Amino acid sequence: MTSDPNHVDFVRRIIVGDVERGKHDGRVHTRFPPEPNGYLHIGHAKSICLNFGIAQEFGGLCNLRFDDTNPGVEDVEYVEAIQADVRWLGFTWDDRLFYASDYFEQLYRYAEQLIESGDAYVDSLDAEKIREFRGSVHGVGRDSPDRTRSVADNLDLFRRMRAGEFPDGAYVLRAKIDMAHPNINMRDPTLYRIRHEHHHRTGDAWCIYPMYDYAHGLSDSLEGITHSICTLEFEHHRPLYDWFLEKLGVHHPQQIEFAKLNLTHVLMSKRNLRRLVEDGVVDGWDDPRMPTLAAMRRRGYPPAAIRQFCEHIGVAKFNSVHEIALLEFHLRDVLNKAAPRAMAVLDPVRLILDNYPEGQGEELEAVNNPEDEAAGTRRVPFGRELFIEREDFMEDPPKKFFRLAPGREVRLRYAFFVRCTSVEKDAAGNVVAVHATYDSETRGGNAPDGRKVKATIHWVSAAHAVDAEVRLYDHLFATEDPMDPRGGPDGRGNLNPESLIVRRGCKLEPSLAEAAADVTYQFERLGYYCVDRRDSRPDALVFNRTVGLRDTWAKEKAQGGG
RNA sequence: UUCCUCGUGGUGUAAUCGGUAGCACAGCAGAUUCUGGUUCUGCUAGUCAAGGUUCGAGUCCUUGCGAGGAAACCA
């Protein structure tokens, strides 16, 4: 992508051209057409942002249309979830919520029209035979014996198909195009199949259902769509898309194909995601490690982060893989500006200020968001005994470690300077408490004598701390390509064993007890976290890590600099 | 051994009619900082290949190489 707004992608370039030439009266009307057979994921978000975004930019409209032509795999559960996800992402379709099933009657009439014009016929070949007759990429196909059936017989048979006279699979309606076509999609594709199945919207009104290629383009046409934007795998279907519209002489939208989103470490195929859920590899479609919008919402992603990401990745025809780091950059960028700050200690060790009066305490003022003055301040309780991060203390620190160590002075964020005096250890040598003295002159965090410290660490008052479970999430797959063959045929060997680390007994500053369910907080110096909307309870808080802060110290350590 | 689409730094994406290859992320270095965060500055690094046309080619032409997709009564 580019920061120059004059640079437009190839889809928008086509649309600009169409508008300038006055095609479709300069109207722009797009649609987002999910099949209600699964949850929306980040890949769909790219398409949603493209379709709804283009409509907004060109003063046009974008419909939400469910492609519900295969009742066996579709369900209302999904139509509701999909609507919630699109709305959450920040887009509205007003009263333009449609279903391909809305058009079943019209689609049927079009089919009869095609039969009458000799462009479609009823075939009795079974699925296997049809496949065989179609031939392969290496050679031409063969005509079905039924290809020459009379119009009258075709019409009669097709009507009886609708009437329910035949069992599943007995007949199909096929377009009569060209069995020798180099594009296999044009070798007499199927238009209708018999399925005695209950449809989630039309009930038992139909026992024949239209195929995607037939239903999709005509639905676009009926809705007055001008630009039908879809992914690259439909490129070979475009001649067919155009064929139906031309034969029927109806409104003809333009299909434009773009490369769908791929991300490193992320599995995007619906089928494989479903297997992760079914096999219990993850906790469900909204497990925060999943790439579904429901999961990302639960994980703490603000929708603006996803939108901003989608705006910046660009649109092209080249099949590419984006680094997950780019998504995380936009996530942190949005969160840094918006997230309220709080202090939390995930791996607590006690810090005792020996010169702080026992049984006393005070409240200190902390800034809620240094990036947003309007966020104001809050008061945080302080006392003699605190919790600090185990990682923020080292008995024998390497050169580049700036935090607490024997004899070392650091600042407690928004509080005082403290100097470490001694360490308490158990028989096994584990640090159980760190002792320090505080400088009462440094209240608020600055020394009147102007002396500096090299580090500021976060803390929580032991007397006021709220306990919580914190779930640290990381990429579900350790390899860039989740289906890397070295991980086995199902990619299971590529799973990241540390994609979820549960920390119990974490200590939070008391204000977090009332954390809002839809707000992602920054735990200072750690990362971004939000209440788990499914599992958290007032008496048993659960927080999810959305993403960590950039951590140059961890990088330093990893390079052996520590 | 068919058809379709596509090849620009590590990743992704720009470059009007052929006219200085730009931006973002990542990486590296430094400055600032009460978050080893943020912010700021700088650096590294690219037109798949070979020919051709041209004063001049990422862009046009030819050939080659490479990648992805296509043979559901799925979408």
Side-chain angles (χ1 to χ4, degrees), chain A residues 1-4 6-9 33-35 37 67-70 72-74 123 125-128 130-131 134-141 168-169 171-174 181-187 189-195 208-209 211-213 215-216 230-239 257 259 264 270 312-330 332-333 336-337 341 343 366-367 370-371 400-403 411-415 417 444-446 452-458 480 522-527 548-556:
Chain A
M1 186 59 183
T2 163
S3 54
D4 184 343
N6 295 321
H7 294 165
V8 294
D9 55 72
E35 183 188 16
N37 73 338
D67 243 326
D68 55 350
T69 56
N70 188 6
V73 299
E74 294 155 6
D123 197 351
L125 249 34
D126 63 30
E128 203 176 313
I130 287 182
R131 184 163 35 246
R134 184 160 35 227
S136 76
V137 294
H138 300 293
V140 301
D168 287 8
Y171 292 102
V172 291
L173 183 71
R174 292 230 256 168
H181 201 107
N183 181 343
I184 290 167
N185 292 310
M186 298 298 272
R187 320 239 262 229
T190 303
L191 270 54
Y192 272 90
R193 74 283 216 196
I194 301 172
R195 288 280 170 84
I208 57 172
Y209 291 94
M211 299 288 290
Y212 166 85
D213 286 304
H216 190 83
C230 62
T231 49
L232 246 31
E233 65 262 35
F234 295 107
E235 216 157 19
H236 325 69
H237 296 244
R238 184 165 11 106
E257 312 86 10
T264 58
K270 230 187 243 181
H312 282 79
I313 53 177
V315 183
K317 300 198 77 155
F318 182 64
N319 228 313
S320 57
V321 184
H322 279 83
E323 290 176 345
I324 187 77
L326 185 64
L327 209 212
E328 291 172 345
F329 166 80
H330 289 290
R332 292 191 183 103
D333 190 50
N336 175 52
K337 292 178 182 110
R341 314 289 138 123
M343 291 198 283
V367 173
E371 307 291 322
K400 289 179 177 170
F401 183 85
F402 305 143
R403 283 108 94 150
R411 172 171 33 235
L412 296 177
R413 181 91 159 142
Y414 297 127
F417 283 14
N446 287 301
K452 304 282 185 199
V453 287
K454 289 202 80 172
T456 298
I457 64 173
H458 61 278
E480 287 205 345
Q522 184 193 105
F523 289 179
E524 297 222 27
R525 300 211 307 130
L526 296 174
L549 251 26
R550 277 187 71 225
D551 189 350
T552 50
W553 166 240
K555 209 178 287 176
E556 182 86 38

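Here is the naming used below: chain letters follow the sequence lines, and residue numbers restart at 1 for every chain. Please read all numbers here as calculations on a predicted model, not as lab measurements.
Using a 4.0 Å heavy-atom cutoff across all strands shown, Asp126(A) reaches at least one base atom of the nucleic acid. Using a 4.0 Å heavy-atom criterion, one finds that His237(A) contacts the bases of the nucleic acid, with or without backbone contacts as well. When heavy atoms are screened at a 4.0 angstrom cut-off, Asn183(A) is found touching no nucleic acid atom at all. In this structure, Ala127(A) reaches the bases: a heavy-atom distance under 4.0 Å links it to at least one base atom across the strands shown. Backbone-only engagement by Leu326(A) is indicated by non-hydrogen atom pairs under 4.0 Å involving sugar-phosphate atoms exclusively. The residue Leu125(A) sits close to a base: some heavy atom pair falls under 4.0 Å. Across all strands shown, Thr264(A) has no heavy atoms under 4.0 Å from either base or sugar-phosphate atoms. Using a 4.0 Å heavy-atom criterion, one finds that Tyr209(A) contacts no nucleic acid atom at all. Contacts of Val321(A) with the nucleic acid, taken as non-hydrogen atoms under 4.0 Å apart, involve only primed sugar atoms and P, OP1 or OP2. At a threshold of 4.0 angstrom between heavy atoms, the contacts of Val140(A) with the nucleic acid are absent. Using a 4.0 Å heavy-atom distance criterion, Pro34(A) is classed as making no nucleic acid contact. Residue contacts shown for Glu371(A) include a base, since a base heavy atom lies under 4.0 Å away. Residue contacts shown for Phe401(A) include a base, since a base heavy atom lies under 4.0 Å away.
Across the P atoms, C17(B) and C61(B) are found 14 Å apart, a figure rounded to whole Å. On the P atoms, U16(B) is 42 Å away from A72(B), given to the nearest whole Å. Comparing the same atom, C1', in A26(B) and in G9(B) gives a spacing of 11 Å after rounding to whole Å. G37(B) and G19(B): their P atoms are spaced 43 Å apart (whole Å). Between the C1' atoms of G58(B) and A49(B), the separation comes to 14 Å (whole Å).
Regarding His216(A), its NE2 atom lies at a distance of 11 Å from the P atom of A75(B), rounded to whole Å. When rounded to the nearest whole Å, the span between CG of Asn70(A) and P of A75(B) equals 5 Å. Here G37(B) presents its P atom at 11 Å from CG of Asn336(A), a figure rounded to the nearest Å. Distance, Glu235(A) CD to C3(B) P: 16 Å, rounded to whole Å. Following rounding to the nearest Å, His330(A) (NE2) and A24(B) (C1') show an atom-to-atom distance of 7 Å. Spacing between atom CG of Asn319(A) and atom P of G12(B) amounts to 10 Å, rounded to whole angstrom units. Spacing between atom OH of Tyr414(A) and atom P of G37(B) amounts to 15 Å, rounded to whole angstrom units. Going from atom CG of Asp168(A) over to atom P of C74(B) covers 11 Å, rounded to whole Å.
Both distances falling under 3.5 Å, in either a Watson-Crick or a G-U wobble arrangement, occur for no nucleotide opposite C73(B). Shown here, A57(B) forms no base pair; nothing in the strands shown gives a Watson-Crick or G-U wobble contact with both key distances under 3.5 Å. Across every strand in view, U16(B) sits unpaired, with no contact that passes the Watson-Crick or G-U test at under 3.5 angstrom. Pair assignment for A50(B): U62(B), on the basis of Watson-Crick or G-U wobble contacts that are both within less than 3.5 Å. In this entry G27(B) has C43(B) as its Watson-Crick or G-U wobble partner, both defining distances falling under 3.5 Å. Base pairing of A67(B): its partner is U5(B), meeting the Watson-Crick or G-U wobble criterion (both donor-acceptor distances under 3.5 Å). Across all strands shown, G36(B) remains unpaired; no Watson-Crick or G-U wobble contact has both distances below 3.5 Å.
Here the side chain of Ala316(A) is nearest to one of G37(B), C4(B), U13(B), namely U13(B). The side chain of Lys317(A) has U5(B) as its nearest neighbour among U1(B), U5(B), G37(B). For Asp333(A), the listed nucleotide lying nearest its side chain is U39(B); candidates were C25(B), U39(B), A70(B). Of the candidate nucleotides C3(B), G27(B), A26(B), A26(B) has the atom nearest to the side chain of Glu323(A).
We find that the ring of Trp553(A) and the base of G36(B) stack, their centres lying under 5.5 angstrom apart and their planes tilted less than 30°. For Phe329(A) and A24(B), the ring-to-base geometry does not satisfy the stacking test (centroid distance below 5.5 Å, interplanar angle below 30°).
If you check distances only, the side chain of Arg550(A) never reaches the base of U38(B) with a donor-acceptor pair under 3.5 Å. Residue-to-nucleotide contacts include a donor-acceptor pair under 3.5 Å from the side chain of Gln522(A) to the base of U35(B). Not a single donor-acceptor contact under 3.5 angstrom links the side-chain atoms of Glu233(A) to the base of G68(B). One can find a donor-acceptor pair under 3.5 Å joining the base of G36(B) and the side-chain atoms of Arg403(A). Side chain His322(A) to base G12(B): no donor-acceptor pair is found below 3.5 Å.
Listed pair Arg341(A) / U38(B) fails the phosphate criterion, with no side-chain N or O lying under 4.0 Å from OP1 or OP2. Contact check, Lys270(A) against C74(B): no side-chain N or O comes under 4.0 Å of OP1 or OP2. At the phosphate of C74(B), neither OP1 nor OP2 sits under 4.0 Å from any side-chain N or O atom of Thr69(A). Between Arg411(A) and G36(B) there is no side-chain polar atom (N or O) within less than 4.0 angstrom of OP1 or OP2. The phosphate of A75(B) has OP1 or OP2 within less than 4.0 Å of a side-chain N or O from Arg193(A). The side chain of Arg525(A) places an N or O atom within less than 4.0 Å of a non-bridging phosphate oxygen (OP1 or OP2) of G36(B). Put simply, Arg413(A) has no side-chain N or O that comes within less than 4.0 Å of OP1 or OP2 on U33(B). Of the side-chain N and O atoms in Ser320(A), one or more sit less than 4.0 angstrom from OP1 or OP2 of U13(B).
In terms of position on RNA chain B, the residue among Ala259(A) and Glu524(A) whose nearest nucleotide sits closer to the 5' end is Ala259(A). Each of Gly169(A) and Phe318(A) lies near RNA chain B, and the nucleotide nearest Phe318(A) is the one positioned closer to the 5' end.
Of the N and O atoms on the side chains of His236(A) and Asn185(A), not one donor lies less than 3.5 Å from an acceptor on the other residue.
A heavy-atom distance below 4.5 Å is not found between the side chains of Arg341(A) and Val367(A).
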### Task
Kindly indicate, with the supporting measurements, whether the criterion salt bridge (charged side-chain N to carboxylate O under 4.0 Å, His left out) is fulfilled by Asp333(A) and Lys337(A).
CA-CA 7 Å; Asp333(A) 190 50; Lys337(A) 292 178 182 110; 3.1 Å; yes

